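Have a look at the structure below before the remarks.
Keep in mind that what you see is a predicted model, and the values were worked out from it rather than measured. Just so we're on the same page: letters track the sequence lines, and every chain starts at 1. Because only heavy atoms are used, hydrogens play no part in the values below, and waters and symmetry mates are left out as well, while side chains stay in.
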Number of protein chains: 2
Amino acid sequence: MKEVDVKVYDTTLRDGCQAEQISFSVKDKLRIAQRLIDLGVAYVEGGFPNETTPSDQKFFAQAQDLDWGQTKLAAFGSTRRKAINAEDDTSFKYLIASGAPVVTIFGKAWDLHVTDVLCVSREENLAMIEDSVAFLKSQGREVIFDAEHFFDGYHADADYAMSTLHAAARGGADWLVPCDTNGGTMPRAIQEIMAAVVAEFNLPLGVHAHNDTGVAVANSIIAVEAGATQVQGTINGYGERTGNANLCTLIPNLELKLGRRCLPEGRLKQMTAVSVYVNEIANLPPDDRAPYVGPTAFAHKGGMHVDAVLKRPDSFEHTDPETVGNERRLLVSDYSGRSTVVHKLRSLWPDLARDDPLVAEVLQAVKQREYEGYEFEAAEASLELLAQRLRGDAPKLFELHGFRVIVEKHEHDAEPYAEATIRIDVNGQQFHTAAEGDGPVHALDLALRKALTEKYPDVARIHLTDYKVRVLDATRGTATSVRVLIEATDGERTWATVGAHQNIIEASWQALVDSIIYGLARHLGDQST
Amino acid sequence: MKEVDVKVYDTTLRDGCQAEQISFSVKDKLRIAQRLIDLGVAYVEGGFPNETTPSDQKFFAQAQDLDWGQTKLAAFGSTRRKAINAEDDTSFKYLIASGAPVVTIFGKAWDLHVTDVLCVSREENLAMIEDSVAFLKSQGREVIFDAEHFFDGYHADADYAMSTLHAAARGGADWLVPCDTNGGTMPRAIQEIMAAVVAEFNLPLGVHAHNDTGVAVANSIIAVEAGATQVQGTINGYGERTGNANLCTLIPNLELKLGRRCLPEGRLKQMTAVSVYVNEIANLPPDDRAPYVGPTAFAHKGGMHVDAVLKRPDSFEHTDPETVGNERRLLVSDYSGRSTVVHKLRSLWPDLARDDPLVAEVLQAVKQREYEGYEFEAAEASLELLAQRLRGDAPKLFELHGFRVIVEKHEHDAEPYAEATIRIDVNGQQFHTAAEGDGPVHALDLALRKALTEKYPDVARIHLTDYKVRVLDATRGTATSVRVLIEATDGERTWATVGAHQNIIEASWQALVDSIIYGLARHLGDQST
């Protein structure tokens, strides 16, 4: 492997787990580690193995079975406790037992934390740093020293902050990593302080930035320009409070904008997929607006912008979406023109002529439906079905004869009851089913699945993953029109559909039916899509 | 008003609307404009008034009725078309007719766009810029020149990019604003290029940054350090693709970290509330991890961090959450919000002691209900009713015996039918009514009004003005929990209520009942509120 310019140190499995609502199982962590190895990061920090974290111990034990290739596994720990030898501190036994070839030790670099939080003398803190690093070096480990609160500490007492790095250097640290633990440092201060550190040490340097003031990525870039050759961060920026430097933004910036190689040749294209994968495992709502990897990162809406992008992609795109494995999206809306629609329809019918009458028909239908409250920007599956219906070759999986949804409540404090019945015809055979649900739409979803399952057992593979409701023209109270967006997956890919109506049940029904037809048609293989 | 150091130019109502899924009504825009005036930004860009945007024309007409105070309204437009005089270009008639005292004109600063997208000569482009600015100045407007793609243009041809700013300066522009339209420029380039612009011009400068590479806030800060005294951005960073510079991050950074006054004294505390308010109107999932204003911004999870923060808040907080109107959350034991609750309850019971047991009861109930999906931030009427119920003095206007809602659809193409029946007891008398509606909630609303009208004729004065639905925990498909917010008015004042449940009909019912009880109680005069 050609040496990279900047080593990527991923701490998704440790600092990322400090994020609210994230809690990875050991199996989750192993899957993410494998994905990070495939991506080609230099270091994967696996956790903080000690007596109180049995799952981290388990992870390190099982991680031995992965093929680490060029990636190195790191264990995270703190400096030794006060007034004992490092080898007598049980926490170091766990670090060694983890089997990780790299150990990252954090120590206090801000005098306030030394005296008021850790409650040791300034001198003892320096000894704790030096001893801890020296002991780990004596055990043959690569040692990274994370200087916690370094930038705040530098403001408070620059000499003392520097002396903590000197202590680590004396202990034999392989890397010194100033951390902006509270995330409150501005870019100019990062620039000045990193320059001072570079001038003082002849050791490889890293940077560890938090995003509390929205500048973690910029601060990391500035540190690299000042001389850092390691960046610490997390996939999707997960981390305590507002998170860590987002590697899905930072890596592309370093590679594409600064020309610094961070990953092995050709791996950058995995960035979008890695972001989606880790997000799925974290089970958090995705950040649609994430730079480079989010679904809106290369989405164009305004008519002028769409025309310009089709003429010259670089007119409104700072980079080619394919470099990071993402794609351009032209949002089909009332404002969009013929070019957008032609572009879309050619994904279904590659030979479609620009002046095919279907184009005008679809444009007209989109305009009419958007006026009624539909929105196709985020519902590309419904747009495809609409085009197929206009062309007369939409999949006909069933015919509706009727449905009924009932919600009842019997006393002030009673729980409501929701039931749906449905009658459909599948290839001449009638199905009449009923189901109870958590709410009316859930009941309808269950009843429809019951009715379809005999003829289309694949329906079980389709899961709704998102259900969004938007009330339109909200000034008209409850008689307003309602738009429902449904996102679904079959485990391989996802698609989104839309429905709109004054009646929320009808709007939901439309989106639900499109969603299931689109998903089933793919599995039946009877569609060109 | 003491002069600010950096003027905030908000373009939420124009560039913010380029964001996927955002479409503000005229009323939404007026509400947001009022909130921005209260916040004290220097400029509010209201839209792009022209013949194809009747709703923007309407906004500018109605915006005249707001009290703008120290804030100035800006209209946005492009340079004149080629080969005509600015005064003959109809688009300028709309800009003047908007009545906005400030006009922001964007022009091309990147030669690629001039020749390949706009398709005019480089000289004609300069004339278009100069003429457009000069014409607007002759009409007595303050003119801001937004140099589109300035930084990319500077890389391609620095002299030409500079000449576009010179053209605007010759035309008499009051401000020159280099834009990073594609959002691909790195901080160091911003620093260097802004320094070159500062050296060349003796005019006030601004900056307009997009977030495609995650550095829009940092780039804006760096531009201010280089000499810019105007920052353009949007609330919550809404905007085309990945969005614009997020003012909810940028303003606190400039005020708290750089010591540059952006808002009138004391207004920074509104930042969190403004973020929430605009997000509610946009009806988008909030960004929980937003710096400064997000719910996780000061949320502490790790035990060590929680202990340290309790010892010394600055140990893991870069600033006091109250400076931006946010609060610390300790995820283990959350006792935030007590002061807010006391403050609220005193509007009902002015003499309530801070340690009255009711305060703890309400706090506990709010915490429980927020866990279940309720949200009282925007639903103060429901909060008041909740407190009254806990105290045992809530208005008892009727008792529910039951309701039933039916939605039926008989054929694929048939319109659905929605009917509600309801049984209530009003002072011992039974009412059993039925109504048909546009949808299930509308039917329920009508049936309830029918049942109440004999005993409470004032119910006719209450109108629902807004109905919003938000799906919570959107990763669980249609079985998720749903929050409904209802806003109502009696023509004199408005109030908002909330309901939450897995069943959307039940959630709507809760909000509907609170809404009508709250409104009727005011007219019965039996409440201290």
Side-chain angles (χ1 to χ4, degrees), chain A residues 18 20 116-117 182-184 186-187 212-215 217-218 241-243 249 253 257 283 285 289 291 296-297 299 301-302 308 312 315 318 377 400 402-410 412 416 418 438-439 441-442 445 464 466-471 474-475 477-479 502-506, chain B residues 18 20 27 116-117 182-184 186-187 212-215 217-218 241-243 249 253 257 283 285 289 291 296-297 299 301-302 308 312 315 318 400 402-410 412 416 418 438-439 441-442 445 464-469 471 474-475 477-479 502-506:
Chain A
Q18 294 294 311
E20 189 171 7
D116 286 29
V117 177
N182 289 6
M186 293 291 101
D212 296 77
T213 50
V215 295
V217 165
R241 304 185 308 274
T242 63
T249 314
N253 276 342
K257 305 298 178 187
N283 197 20
R289 294 193 286 152
T296 73
K301 182 171 174 181
R312 292 220 32 159
S315 63
H318 65 95
E377 275 177 25
L400 176 74
F403 68 68
R404 177 183 297 124
V405 174
I406 297 176
V407 178
E408 286 181 343
K409 179 165 169 134
H410 292 294
H412 172 69
D438 293 331
V441 181
H442 187 228
D445 179 35
L464 307 189
D466 200 354
Y467 172 74
K468 281 203 179 94
V469 177
R470 169 143 199 175
V471 178
T475 50
T478 46
Q502 283 188 322
N503 187 323
I504 192 171
I505 306 297
E506 168 70 16
Chain B
Q18 294 294 311
E20 187 170 11
K27 195 181 156 204
D116 286 28
V117 177
N182 290 6
M186 292 291 102
D212 296 77
T213 50
V215 294
V217 165
R241 305 185 307 274
T242 63
T249 314
N253 276 342
K257 304 298 178 187
N283 199 18
R289 293 193 288 152
T296 73
K301 182 171 174 181
R312 291 218 35 158
S315 63
H318 66 96
L400 177 74
F403 69 68
R404 177 183 297 122
V405 174
I406 297 176
V407 177
E408 286 182 344
K409 177 164 169 138
H410 292 293
H412 173 68
D438 293 331
V441 181
H442 187 228
D445 179 34
L464 306 188
T465 53
D466 201 354
Y467 173 74
K468 281 209 171 89
V469 178
V471 178
T475 49
T478 47
Q502 281 189 323
N503 186 324
I504 193 172
I505 306 296
E506 169 70 16

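- Taking A:Ala418, A:Gly183, A:Gly214, A:Pro416 one by one and counting their heavy-atom pairs under 4.5 Å with chain B, the maximum is reached by A:Pro416.
- The candidate from A:Ile504, A:Val405, A:Asn182, A:Leu400 with the greatest count of non-hydrogen atom pairs under 4.5 Å with chain B is A:Asn182.
- When each of B:Glu506, B:Met186, B:Arg241, B:His412 is scored by its heavy-atom pairs under 4.5 Å with chain A, the top score falls to B:Arg241.
- Between A:Asp212 and B:His318 the shortest heavy-atom distance is CB-CD2, 3.4 Å.
- Between A:Ala299 and B:Glu20, the closest heavy-atom pair is CB-OE1, 4.4 Å.
- Ranked by heavy-atom pairs under 4.5 Å with chain A, the first of B:Ile505, B:Thr296, B:Val469, B:Ile406 is B:Thr296.
- For A:Arg289, there are no salt bridge (Lys or Arg N to Asp or Glu O under 4.0 Å) partners at least two apart in sequence or on another chain.
- When every heavy atom of B:Val117 is checked against every heavy atom of A:Ser315, the shortest pair comes out as CG2-CB, 4.2 Å.
- Chain A forms more heavy-atom pairs under 4.5 Å with one residue of B:Ala297, B:Gly402, B:Gly243, B:Pro291 than with any other, namely B:Pro291.
- Interatomic distance, B:Lys409 NZ to A:Arg404 CZ, rounded to the nearest 0.5 Å: 15.0 Å.
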A:Val407/B:Asn503 under side-chain contact (heavy atoms from CB on, under 4.5 Å): CA gap, chis, key distance, verdict
CA-CA 9 Å; A:Val407 178; B:Asn503 186 324; 3.6 Å; yes
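- Looking at every heavy atom in both residues, B:Pro187 comes nearest to A:Ala218 through CG-CB, 4.1 Å.
- Among all heavy-atom pairs drawn from A:Arg312 and B:Asp116, the shortest one is NH1-OD2, 3.0 Å.
- In terms of heavy-atom proximity, B:Val217 sits nearest to A:Thr213 at CG1-O, 4.2 Å.
- In terms of the salt bridge (Lys or Arg N to Asp or Glu O under 4.0 Å) criterion, A:Lys257 has no residue partners (sequence neighbours excluded).
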